[in-house]
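This report concerns only the one structure given below.
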Amino acid sequence: NPLQHQTRNTACNMNSQHHFSSFILFIVHILLLSECQCQQNQCSLTKKEIESRDPALVKMKYNIGDGKKTFWAYVTPPVSSFYQRDPPALRKVTPMHNGQAAKFINLSNNSISVYWEPQPGAFDEGRAVEIRRIPPFSAKGTSTFPTHSFVYATTDDGIAVKRFVVQDVDNASDDVGENLYPYDPYDDPSNQKKAHEIVKHELSKQDEEMYWTWRKTLSFDKEYRKVTGRTYLASYRRPPPIHFMWPANYFNQVHWVTTRETHFTSSPGDIARTTVNLRRIEGDEPIALEQYRDQAAYLNMSLKVLSCAPRVFEIENFLSPIEVDHIIEMGTAATLGDSTLGDEGGDPKKRNVRTSKNTWVSRHQSAIIDSIYRRAADLMRIDEAMLRTRTKEEEHNINKISNNLKPANKSIAEDLQLVHYSVSQEYQAHHDFAYAPLSDEVDSARFATLLLYLNEDMKGGETAFPRYINAHTFLPLQVKPVRGKAVLFYSQLPDGNFDDFSQHAAKKVFSGEKW
């Protein structure tokens, strides 16, 4: 299906959409969280490396009508730097998969619908598929391909107001295609003064403010592209992440970090469900159910770089066999339902985009699940209190760092999403980020996703990153499911923009099943 919609995966997600292959832990950047580095956990980076600005951030100067400003923009390093030895080539390979994000922006004070045309003229013949309804001064998105045809139409009466075809890659701007598709009924390039007057007299003060915010985003995008060669998919100006991001300087680079949340090596049985204590574990205070765990003081977790752009890491043995079995037991105790496409409307099965089954497991349901959340927080160097409701004291301490988390005292992580794929089921290439309303002060969107694999006895079912930047192959990066393994990837860039190259897929299962 040509429409690969932005959605979610399966697993533990930080407040947002979900995407899951096998078992997936999603961490969503619901709000710019604090990067709270755990004092007791060691890692392979020095304090200077942790605290220094990403070396690929470039100071960008611009003026889009509201005065001279600066912005630290992320410029992807040359592909040759992704190889420790001599690179296979000095230029990146054009991937076989030519998909891309499309952001539909409604700059009018009426709702509009977005229709996809299987063939040109399908809308007029009544054969177009409505994929989105966009409220006034809002944006929605999908994953699509060059040459796809779309129509904007009034939601009330279905009258076409704009048609467009997704543009092919623009070689003049470093192989970046067109991603932004605005509908602006007020703009008149031949008479900007008249357009300004129409906006001023026809829109309310609040609507006028939102209109010009979107116009600033479009103007900023032009300046941002000149510096970075990519589209600015966020809204102007989205703050950079406050969360820590692991660097991915070259293929097969390895980082490590420790955690006190050691593996469960024997099952605590039903007691695991009655000893959940969602609070901070201080200093040398015993961890939960330690008599059922590996008796080492720490678990060392290694992150191997599989891709530098997008940033993708592989973590072997993140889960123990006991933990894998427990997750499946917890998830299958509930009824598995059809997986959805997040904030996108329509039936994913009718479009063959996402055909799996899924359910949700919350952190407080089990001490083992709680331990996995704490381990994931240490892996990503995020305060585990961010991934749950907090005490007043915890909230106060976090707000001193993160400049008031909003909404207050809410987890930034989603529940663990358990996804099951049977033969022929898949989740086609999509993005995990979505577009927040302008009323969202921090432009909330998924920050990172942690996928947890629960079995390996299937054919197919790989997690694919079809557009990762490299100099040696046009084929996708494919991660084979291995029981207990985790994969971490970021949906955002260090400057706060969304990473179009984070597009990924759960490949079709040909035999067996996938959890």
Side-chain angles (χ1 to χ4, degrees), residues 10-15 18 20 22-27 259-299 301 315 317-337 339 356-379 384-391 394 410-411 413-421 450-457 481-486 513-515:
T10 299
C12 177
N13 313 313
M14 281 189 154
N15 260 10
H18 334 276
F20 198 178
S22 160
F23 189 60
I24 297 172
L25 179 70
F26 280 156
I27 289 195
T259 177
R260 291 187 63 211
E261 295 295 333
T262 55
H263 284 142
F264 278 83
T265 55
S266 62
S267 174
D270 290 341
I271 193 175
R273 306 188 189 204
T274 59
T275 56
V276 181
N277 192 354
L278 297 184
R279 64 175 180 82
R280 190 181 304 281
I281 299 176
E282 302 289 354
D284 294 330
E285 182 181 354
I287 56 177
L289 301 175
E290 61 181 349
Q291 66 270 35
Y292 298 96
R293 304 193 192 212
D294 188 304
Q295 295 304 297
Y298 291 95
L299 170 65
M301 300 178 287
I315 306 94
N317 301 312
F318 181 80
L319 298 174
S320 72
I322 293 293
E323 292 160 352
V324 167
D325 292 341
H326 181 77
I327 292 171
I328 295 178
E329 178 187 353
M330 293 289 291
T332 53
T335 301
L336 294 173
S339 300
S356 59
K357 300 278 188 180
N358 75 331
T359 190
W360 300 86
V361 181
S362 63
R363 175 176 176 175
H364 70 269
Q365 286 182 248
S366 154
I368 294 179
I369 302 298
D370 174 53
S371 174
I372 293 170
Y373 270 79
R374 294 174 187 270
R375 189 182 303 156
D378 289 341
L379 178 76
E384 63 82 19
M386 296 283 189
L387 316 188
R388 56 174 171 82
T389 55
R390 297 169 287 281
T391 65
E394 287 174 333
K410 298 288 186 181
S411 171
E414 301 169 39
D415 285 345
L416 205 60
Q417 182 184 173
L418 179 64
V419 177
H420 177 261
Y421 295 87
L450 185 64
L451 310 181
L452 311 177
Y453 298 104
L454 304 186
N455 73 312
E456 57 192 46
D457 49 345
V482 174
R483 191 177 193 221
K485 182 167 72 175
E513 62 178 349
K514 175 185 175 183
W515 289 95

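Computation of the quantities below employed the complete heavy-atom set of this structure, encompassing side-chain atoms and omitting hydrogens, waters and symmetry-equivalent molecules.
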### Task
State, without any angle test, whether His263 and Thr265 hold a side-chain donor-acceptor pair at a distance under 3.5 Å.
no

### Message
A side-chain contact here means heavy atoms from C-beta on lying under 4.5 Å apart; do Ile327 and Leu319 qualify?
### Response
yes

### Query
Side-chain contact, heavy-atom cut-off 4.5 Å: Tyr298 with Thr262?
no

### Query
What's the spacing between Thr359 OG1 and Leu418 CG if we round to 0.5 Å?
7.0 Å

### Query
Hey, are the side chains of Asp415 and Val361 touching, using non-hydrogen atoms and a 4.5 Å cut-off?
no

### Query
Hey, are Arg260 and Glu384 close enough for a salt bridge, meaning a charged N less than 4.0 Å from a carboxylate O?
no

### Query
If you measure from CG on Asp325 to CZ on Phe264, what distance do you get to the nearest 0.5 Å?
13.5 Å

### Task
Nearest 0.5 Å please: distance from the CD1 atom of Ile322 over to the CZ atom of Arg293.
13.0 Å

### Query
Is there side-chain contact between Thr332 and Trp515, with heavy atoms separated by less than 4.5 Å?
yes

### Gap between atom CG of Leu299 and atom CD of Glu261 - 0.5 Å precision
9.5 Å

### Query
What residues form a side chain to side chain donor-acceptor pair (under 3.5 Å) with Asp294, not counting sequence neighbours?
none

### Query
Once you round to the nearest 0.5 Å, how far does OG of Ser411 lie from OH of Tyr373?
6.5 Å

### Task
Could you tell me whether the side chain of Leu452 reaches within less than 4.5 Å of the side chain of Phe318, counting heavy atoms only?
yes

### Task
Determine, step by step, whether Thr259 and Met301 satisfy the side-chain contact (heavy atoms from CB on, under 4.5 Å) criterion, reporting the C-alpha distance in whole Å, the side-chain angles of both residues, the deciding distance to 0.1 Å, and the verdict.
CA-CA 8 Å; Thr259 177; Met301 300 178 287; 3.6 Å; yes

### Query
About how many Å separate CG of Leu278 and CG of Leu387, when rounded to the nearest 0.5 Å?
10.5 Å

### Message
A side-chain contact here means heavy atoms from C-beta on lying under 4.5 Å apart; do His364 and Arg388 qualify?
### Response
no

#### Entry: Heavy-atom closest contact (Glu456 atom, Pro481 atom, distance)
CB-O, 3.4 Å

### Message
Is there a side-chain contact (heavy atoms from CB on, under 4.5 Å) between Ser356 and His420? Walk through the geometry before answering.
### Response
CA-CA 6 Å; Ser356 59; His420 177 261; over 6 Å; no

### Note, Arg374 side chain near Arg363 side chain (heavy atom, < 4.5 Å)
yes

### Query
Taking atom CG of Asp457 as the centre, does the number of heavy atoms from other residues, nucleotides or ligands within less than 6.0 Å exceed 12?
yes

### Task
Say whether, by atom type as modelled, one donor and one acceptor occur between the side chain of His326 and the main chain of Pro321 under 3.5 angstrom.
no

### Message
Let's go through Gln365 and Arg273 carefully: what are the C-alpha distance in whole Å and the side-chain angles of both, what is the deciding distance for side-chain contact (heavy atoms from CB on, under 4.5 Å) to 0.1 Å, and is it a yes or a no?
### Response
CA-CA 6 Å; Gln365 286 182 248; Arg273 306 188 189 204; over 6 Å; no

## Note on the structure
With sequence neighbours left out, the residues meeting side chain to side chain donor-acceptor pair (under 3.5 Å) with Arg375 are Glu323

### Test: Arg279 and Asp370 ion pair at under 4.0 Å
no

### Query
Are Ile368 and Pro268 close enough that some pair of their side-chain heavy atoms sits under 4.5 Å apart?
yes

